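Notes follow the structure.
A note on names: the letters A, B, ... follow the listed sequences, proteins ahead of strands, and every chain is numbered from 1. All values reported here derive from a predicted model rather than from experimental measurement.
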Amino acid sequence: MTPVHPEFVPDPTLSREEMERLQRDIADVAGFEDDFAFDPAAVRADPTDDGQTALGAATDDAEPPVVVGVDQAFVDAFSEDALAVSAIVATRGSEVIEEVHAVEPTEIPYVPGLLSFREGGAILSAFEKLTVDPDLAVFDGSGRIHFRQAGIATHVGVTLDVPAVGVAKNLLCGRPRESLDEYLPQGARVAIEADDSVTAPSGTVIGYAYQSRQYDNPETRHVNPLYVSPGHRVSAETTTDLVERLCAGYKLPEPTRLADNYADEVKAEVRD
DNA sequence: GCGACAG
DNA sequence: ATCTTGTCGC
């Protein structure tokens, strides 16, 4: 698939000010409310999940929506001329239906808040090779949890106009409504609100800390939560619901894990 | 000036 | 993101 909004394609040669202005423009047209055609209750990733679990049954016997996981790996990551490997794995329920990838030289270093300008080009190149039409894209990184509400999930989601969510392992900005230092049981959700560093009214819920995996005993080891946020055409609440459905016993959603592994495979081949 | 920062 | 064996706890 190709960009619906070519004017939003991330250009690494822009000045920092131009990048930030583009992000504000993207956030203006981004959809942070549900606006997609598939049934969220039909989304699943666990092969042992027949769709009749506590999460709620699908309304019909239709095939599960197509969910793509997107992840990057780098060859010579700390070098100026590092190569970005972008991998996309398309899934339907627990089935992998397509895998595509793209390898491109990185143009700029990693800068917090400008990640999409470093990795976005390779991601869009990989999407051009994708033949299936995704119902939802899951990105590694933030969406609305971003200074200008335009993290990589929002940037790419809006550019392709595809429903998208962001899944990050660390919090970029915003303020948890409750302390995340205490033990959170599996399934716990803590709202992440906009603070003064975010271009949204203070208190706006821009995402959630979601405890996708946790050990039963609070005294022993603990797992860090995921930070999920809307990318495009999905609300913060539904984003969390979808990520919950896509997790199958591991901390990360299944499409993300698959893309993670595939990116590593490609990287191993590329660095010969 | 201080603090804080996805991958 | 990346470099990496063993090791602790469920």
Establish, from distance only, whether the side-chain atoms of [X] and [Y] form a donor-acceptor pair under 3.5 Å.
X        : Y        : answer
A:Tyr110 : A:Glu119 : no
A:Ser94  : A:Glu254 : no
A:Asp161 : A:His5   : no

query = Heavy atom of residues 109-127 of chain A under 4.0 Å from DNA chain B: which residues?
reply =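 Of all residues in residues 109-127 of chain A, the ones placing a heavy atom under 4.0 Å from DNA chain B are A:Tyr110, A:Pro112, A:Gly113, A:Leu114, A:Leu115.
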request  = Verify the contact: side-chain N or O of A:Arg271 to OP1 or OP2 of C:dC3, cut-off strictly under 4.0 Å; return yes or no.
outcome  =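 The answer is yes; a side-chain N or O of A:Arg271 sits under 4.0 Å from OP1 or OP2.
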ask   = Does A:Asn217 have a side-chain nitrogen or oxygen under 4.0 Å from the phosphate oxygens OP1 or OP2 of C:dG9?
value =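 For C:dG9, OP1/OP2 do not have a side-chain N/O of A:Asn217 under 4.0 Å.
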ask   = Going through the distances and angles, do A:Asp241 and A:Arg245 end up as a salt bridge (charged side-chain N to carboxylate O under 4.0 Å, His left out)?
value = CA-CA 6 Å; A:Asp241 294 341; A:Arg245 287 180 162 284; over 6 Å; no
Nearest whole angstrom, please: distance from the [atom2] of [N] to the [atom1] of [X].
X        : N     : atom1 : atom2 : value
A:Leu226 : B:dG7 : CG    : P     : 10 Å
A:Asp71  : B:dA6 : CG    : C1'   : 12 Å
A:Lys169 : B:dC5 : NZ    : P     : 16 Å
A:Gln149 : B:dA6 : CD    : P     : 18 Å
A:Glu104 : B:dG7 : CD    : P     : 21 Å
A:Gln72  : C:dT2 : CD    : C1'   : 15 Å
A:Leu83  : C:dA1 : CG    : P     : 17 Å
A:Phe78  : C:dA1 : CZ    : P     : 11 Å

NA contact type, [X], heavy-atom cut-off 4.0 Å: base, sugar-phosphate, or nothing?
X        : value
A:Ile152 : base
A:Phe147 : base
A:Ala82  : nothing
A:Phe74  : sugar-phosphate

ask   = Of the nucleotides B:dC5, B:dG7, C:dA1, which has the atom closest to the A:Leu172 side chain?
value =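 Comparing B:dC5, B:dG7, C:dA1 against the side chain of A:Leu172, the answer is B:dC5.
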ask   = Which listed nucleotide (C:dT2, C:dC10, B:dA6) is nearest to the side chain of A:Ala77?
value =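 That would be C:dT2.
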ask   = Which distance, rounded to the nearest 0.5 Å, do you find between the CE of A:Met1 and the CD of A:Glu128?
value =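 Rounded to the nearest 0.5 Å, the CE-CD separation comes out at 10.5 Å.
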ask   = Looking at side-chain heavy atoms only, is the closest gap between A:Ser229 and A:Thr239 below 4.5 Å?
value =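 No, too far: nothing below the 4.5 Å cut-off.
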inquiry  = Less than 4.0 angstrom from a charged side-chain N to a carboxylate O is my criterion; do A:Arg21 and A:Glu17 meet it?
reply    =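 Not counted as a salt bridge, because no side-chain N and carboxylate O are separated by less than 4.0 Å.
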